[in-house]
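The structure under discussion appears below in the form of structure tokens.
Note that the coordinates shown come from a computational prediction; the quantities given were computed from them, not determined experimentally. Per chain, numbering begins at 1; letters A, B, ... match sequence-line order.
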Protein chains: 2
Amino acid sequence: MIFIRFSIYLKSNPPNIMSKCEQCIVRQFTSLKHLSKEEVVRMSKCKTSKIIKKGDVLFEEGTPINGIFCIKDGVCKVSKMSENGRNQIISLIQRGDLLGERSLISDEVSNLSAVALNDMEVCFIPKEEIIRDLQRNNAFSMSVLRDLATSLKNADNLIVDMAQKTVKQRLAETLLYLHTKFDTNSEGAIDIQLSREDFSNIIGTATESAIRLLSEFKKKKIIAFKGKNIMILDSASLEKIAQGFHNLL
Amino acid sequence: MIFIRFSIYLKSNPPNIMSKCEQCIVRQFTSLKHLSKEEVVRMSKCKTSKIIKKGDVLFEEGTPINGIFCIKDGVCKVSKMSENGRNQIISLIQRGDLLGERSLISDEVSNLSAVALNDMEVCFIPKEEIIRDLQRNNAFSMSVLRDLATSLKNADNLIVDMAQKTVKQRLAETLLYLHTKFDTNSEGAIDIQLSREDFSNIIGTATESAIRLLSEFKKKKIIAFKGKNIMILDSASLEKIAQGFHNLL
DNA sequence: TTTAAAACATGATATTTATCAGGTTTTCTA
DNA sequence: TAGAAAACCTGATAAATATCATGTTTTAAA
């Protein structure tokens, strides 16, 4: 058992931290795949790799980022403080995602914070390098344009959900989203650990409300807890709840 | 009096509908200002101008747009249907804004609907033309990239507000936003007409709740109604309310 | 100009959600 | 490994908001 775990660890977390971008598989999942061979070599030379521990901050709202992060492994939550003093999680970012494009393009301090949800391996590419590539490589800038367009579409959907749906609907929606976005672990549970407070910060509610609703879903056998992870037992019910059929359950 | 009105009409609504992009002032407010002389001439030849009456639809959620709109005059509301069957207004678009970039870039049907709030004058530039310019003119594509980045930042802010703020806070926020975004008319009121239902669709609440809160603000002399338009009397109070100081008022 | 429809308004009530207050369990750290 | 801190949980209550019902005013259309 330990042996199996170890082999999985090796697979998703290659210890070769300072590997070159030329050979990096993760790059192929991102807009960076449109860079030319020379551009990749240049990038590889100026990039830095970092290990970020669970709970550590990648960057903080109001501070300059000065580059973009390419996520090689792990997951982080991206959030923003509300004037009410509560944190709102805007998105979850994982392996194969880029992070920080927006601030780089607008040349502004970050409007968001990013905190690791588990141990992460990320590469940081300095601003000048990316700006240079954006200005010279049209395939690359078009790809970034498409990424931003997708983010904007997702943001629009989130606005509507936040404005119109009940807390219960939003929780159901979130669970379904996690189910599709993240892998399933050996126990059949979603392979991401979110605290009850994280859940409340995703759906925009009081922590107690998130706890109560999760308990309710558990009692109704819609979800189950496998340690700190959640397993979806009845996604059909979750879909109905997300669409607003509360009373039928 | 009629004469004065007529002269204002001429100023903001030049009857020369089919004017050339080369001479169009509005183009200078948009990313289209980065196009070369030749590109502008090409665009001018393939663009179409339209008059859109108050209440008319520019495009509908789920349908292809096949180009972008450049707003020469008037205002429209951009909204999306929630699964709950209620409409959520995502943004208000006015003179000098472009509309439809996102769908064009992602090559998808629109995720949003746009409806005129007053009589509008818009130009429509077909997709092929814009895509061509995006691919060849880097200053232009970088500018569109910055536009999308700004939209994304605004969307993030809206998500947080919708998720964390009360309906009263959101209404105060909306009124302040309208005050900064739109001009003031001759009576000192905000020069845009939104129905109570529009307000409820902006802040994401029941129409009755929007009505009640607007009445409350009126009773407390924070706003006043000038016909169908709203005048801000006490923006300091609105700011406090938006930040969550409800009970002090 | 009359009439129908839409928009606006308000009260009563039900539902949803937050807050407060008090617990238990788990996790971290000295 | 003990003790502290964090996370989790539950009940009681208050506050915010939606819903329903009903009436008035304004707008648009015949």
Side-chain angles (χ1 to χ4, degrees), chain A residues 53-56 77 82 84-88 115 117-118 161-172 193-219 223-230 241-242 244-249, chain B residues 53-56 77 82 84-88 115 117-119 161-173 193-219 223-230 241-242 244-249:
Chain A
K53 291 274 173 193
K54 177 178 178 173
D56 280 359
K77 55 183 176 185
S82 127
N84 293 16
R86 275 214 277 238
N87 222 27
Q88 178 65 35
V115 174
L117 282 174
N118 49 30
D161 284 351
M162 289 300 176
Q164 302 277 2
K165 293 196 169 180
T166 65
V167 170
K168 193 185 277 189
Q169 283 180 289
R170 268 137 56 189
L171 178 59
Q193 283 187 17
L194 293 167
S195 68
R196 301 295 190 262
E197 194 182 354
D198 286 332
F199 270 103
S200 75
N201 291 345
I202 292 172
I203 61 181
T205 193
T207 308
E208 295 96 322
S209 300
I211 290 173
R212 262 184 261 268
L213 286 172
L214 282 168
S215 303
E216 185 190 324
F217 285 178
K218 185 193 167 190
K219 201 182 290 170
I223 61 172
F225 297 111
K226 299 282 177 183
K228 285 273 160 190
N229 295 71
I230 288 176
I241 293 170
F245 299 98
H246 288 198
N247 310 323
L248 306 180
L249 297 159
Chain B
K53 291 274 175 193
K54 177 177 178 175
D56 280 359
K77 54 182 177 185
S82 128
N84 293 16
R86 275 215 277 239
N87 221 26
Q88 179 65 34
V115 174
L117 283 174
N118 47 31
D119 291 351
D161 284 351
M162 289 301 177
Q164 302 278 1
K165 294 196 169 180
T166 64
V167 170
K168 193 185 279 190
Q169 283 180 289
R170 269 138 56 190
L171 178 59
E173 199 97 46
Q193 283 187 15
L194 293 167
S195 69
R196 302 296 191 261
E197 193 181 357
D198 286 332
F199 270 103
S200 75
N201 291 345
I202 291 173
I203 63 181
T205 192
T207 307
E208 296 95 322
S209 299
I211 290 172
R212 264 184 259 268
L213 286 172
L214 282 169
S215 303
E216 186 190 324
F217 285 178
K218 184 193 167 191
K219 202 183 290 171
I223 60 172
F225 298 112
K226 300 281 177 182
K228 285 273 162 191
N229 295 71
I230 288 176
I241 293 169
F245 299 99
H246 286 200
N247 309 322
L248 306 180
L249 297 160

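No donor-acceptor pair closer than 3.5 Å links the side chain of Lys77(B) to the backbone N or O of Leu117(B). A side-chain donor-acceptor contact under 3.5 Å links Arg170(B) to the backbone of Gly204(B). Between the side chain of Asp198(A) and the backbone N or O of Ser195(A), at least one donor-acceptor pair lies under 3.5 Å.
As a whole-Å value, the separation of Arg196(A) CZ from dT25(C) C1' is 12 Å. As rounded to whole Å, 11 Å separates atom C1' of dT16(C) from atom CZ of Arg170(A). Rounded to an integer number of Å, the gap from CD of Glu216(A) to P of dT16(C) is 10 Å. Counting to the nearest Å, the P atom of dA7(D) and the CG atom of Asn201(A) are 11 Å from each other.
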Quiz item: Does the side chain to side chain contact (heavy atoms under 4.5 Å, CB included) test come out yes or no for Leu194(B) and Ile202(B), once each step is laid out?
Solution: CA-CA 10 Å; Leu194(B) 293 167; Ile202(B) 291 173; 4.0 Å; yes
Inset, instruction - Start with the C-alpha distance between Leu213(B) and Phe199(B), add both sets of side-chain angles, then the distance that settles side chain to side chain contact (heavy atoms under 4.5 Å, CB included), and finish with yes or no. - result: CA-CA 11 Å; Leu213(B) 286 172; Phe199(B) 270 103; over 6 Å; no
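In terms of heavy atoms, Ile203(B) sits closest to Ala210(B) at CD1-CB, 4.5 Å.
When heavy atoms are screened at a 4.0 angstrom cut-off, Thr207(B) is found touching no nucleic acid atom at all. Counting any heavy atom pair closer than 4.0 Å across all strands shown, Lys228(B) reaches sugar-phosphate atoms only and no base atom.
Distances shorter than 4.0 Å separate none of the side-chain N or O atoms of Ser195(A) from OP1 or OP2 on dA6(D).
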Might you list the N or O atoms of the protein lying below 3.5 Å from N or O atoms in nucleotides 19-24 of chain D, with each pair's distance?
{"from": "dT19(D)", "atom 1": "OP2", "to": "Arg86(B)", "atom 2": "NH1", "distance (Å)": "3.4"}
{"from": "dT19(D)", "atom 1": "O4", "to": "Arg212(B)", "atom 2": "NH2", "distance (Å)": "2.9"}
{"from": "dC20(D)", "atom 1": "N4", "to": "Glu208(B)", "atom 2": "OE2", "distance (Å)": "3.2"}

